[in-house]
Structure formats: structure tokens, C-alpha cells
Amino acid sequence: EAAVTQSPRSKVAVTGGKVTLSCHQTNNHDYMYWYRQDTGHGLRLIHYSYVADSTEKGDIPDGYKASRPSQENFSLILELASLSQTAVYFCASSDPHREGTGQLYFGEGSKLTVL
Amino acid sequence: AQSVTQPDARVTVSEGASLQLRCKYSYSGTPYLFWYVQYPRQGLQLLLKYYSGDPVVQGVNGFEAEFIKSNSSFHLRKASVHWSDSAVYFCAVSQNSGGSNYKLTFGKGTLLTVTP
């Protein structure tokens with residue numbers, strides 16, 4: 001049974017519209033992450049969180065907001081979607097204190113197309 | 001800042017042949033190094049990791065990697081590949097910047113195609 005689930009798995013949005021990508025984990029992990037994947041760029045970290053009600057900026061946070069209302073849930077919000085935000089988005093969770101640094105568990109990804 | 005370079009965007013090998021996927025990293029401290037694999041239409045899965053000690057680490061499905069500090073490299077190897085190994089492979093380095101920050105920086109990935 002998938003421990004990190006993302007929704008929606010695929011979405012088409014219009015430029016300037018608002019998009020919310022949701023992530024739910026049942027791993028009981030404190031850390032959660034949002035990455036985007038683009039051809040030729042690999043995965044880049046957008047936002048992460050290590051405790052509920054708190055988020056941190058990753059390497060490419062511009063144009064994105066994040067929300068962590070509970071340990072299990074982590075959302076990525078695009079207030080004004082742009083063409084350049086077309087990508088596949090991955091959510092992940094981890095518990096570096098119990099399982100060691102770098103052991104991330106990924107969801108299956110959300111493909112976002114902005115038109 | 002940390003970074004990872006995977007110089008080969010695509011690698012094609014024949015089934016049964018040996019494999020090496022290259023990875024070089026840049027990191028000022030002691031690196032934690034990882035290889036992840038992404039099968040089609042799936043998320044990434046951890047293949048193996050290196051923290052310290054024996055520079056050769058074993059992973060799942062017969063994969064191994066060797067940490068060579070002098071060369072800043074962490075190449076992935078497999079003695080005999082199978083068609084099911086076709087996937088995208090990502091090398092990654094972890095940053096521990098203190099406190100509660102744990103970030104993983106990925107390379108661009110190498111698409112491995114195993115031909116019959």
C-alpha cells in the first residue's frame with residue numbers, strides 16, 4: 001500500500017490560475033518535501049517541512065507556496081500558474097533521525113501542464 | 001553549495017553486459033551519497049547509500065557503488081544488467097546544514113536502456 005500519495009496525478013491548468021497539489025503520507029515521518037522534475041534538470045527542491053505548521057524554502061521556491069497543516073499532509077500551491085511551471089511534481093517524506101539522512105520515500109508524481 | 005554531475009544523459013547496454021553510471025559531486029564537507037532509481041511512471045526509490053566506512057557499498061538487485069574521495073566520484077556499477085534495469089538513475093548528495101535541515105541535491109539523471 002502506497003505510503004506517500006499525491007493528488008491529482010495529472011492536471012491541466014490555465015495561465016494565471018491557482019493550482020494546489022496535495023500530498024498525504026502514512027509513514028509517520030516528520031520531514032516532507034516537494035520536488036519538481038524537468039527534462040535536463042533532474043529533481044529540484046521547491047519547499048520542505050520538518051514539522052507541522054512550518055515550511056522552509058528549498059532551492060527554487062519562487063512562484064510556489066507550501067502548507068503543512070498536519071504531519072501527514074503537505075500541499076504545494078501555485079497562486080498564479082505560469083507556463084514555466086509545467087513539470088512533474090514529486091512529494092516525498094523522510095525520517096532522518098530513525099532511518100538515516102537521505103532515505104526519502106516518494107509519491108508517484110503529479111504531472112502539471114499549464115496552458 | 002553542493003552539486004552533482006552525471007555526465008551521461010543516456011546510456012545503452014546489452015542485456016548481460018556490465019554497467020557503470022558515472023557521478024561526480026561537489027561538497028565542502030563530508031558527503032552522504034546516494035543512488036536512486038526511477039522506473040517508468042513511478043516515483044524514485046533508493047538503490048543504495050554511502051555514509052562512511054567501506055567505500056564500496058552494496059545495494060538492491062546487484063548494484064554497487066564506490067566512493068572515491070580523491071576523485072569526488074560515486075559511480076554506480078552492476079556486473080550483469082537485465083532488461084528490467086531499464087530506468088532513470090539519479091545520483092544525489094545530502095546536506096546536513098545543522099539543526100533540522102536535511103536536503104537532498106540530485107543530479108540530472110541518466111536514462112539507462114538495456115537492449116536484448
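Each chain gets a letter, A, B and so on, in the order the sequences are listed, and its residues count up from 1.
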- Task: Among B:S73, B:P31, B:S52, B:S72, find the residue that satisfies the side-chain contact (heavy atoms from CB on, under 4.5 Å) test when tested with B:F67.
- Result: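 Only one of B:S73, B:P31, B:S52, B:S72 forms a side-chain contact (heavy atoms from CB on, under 4.5 Å) with B:F67, namely B:P31.
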Under 4.5 Å from a heavy atom of chain B, the part of [X] involved:
X      : result
A:L45  : side chain
A:Y105 : neither
A:Q6   : neither

- Of all of B:V88, B:V4, B:L33, B:L46, which one pairs up most often with chain A through heavy atoms under 4.5 Å apart?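 If we count pairs closer than 4.5 Å to chain A, B:L46 comes out on top.
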- Query: For B:Q6, is it the side chain, the backbone, both or neither that has a heavy atom under 4.5 Å from a heavy atom of chain A?
  - Reply: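 Neither the backbone nor the side chain of B:Q6 comes within 4.5 Å of chain A.
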- Based on non-hydrogen pairs under 4.5 Å, which of A:P96, A:G107, A:G109 is most in contact with chain B?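 Among the listed options, the one with the most contacts to chain B is A:P96.
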Is there side-chain contact between [X] and [Y], with at least one heavy-atom pair below 4.5 Å?
X     : Y     : value
A:F90 : A:V4  : no
B:E15 : B:H82 : yes
A:L76 : A:V19 : no

- Query: Taking all atoms of both residues into account, what is the closest heavy-atom pair of B:W35 and B:F74, and its distance?
  - Reply: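 Between these two residues, the closest heavy atoms are NE1-O, 2.9 Å.
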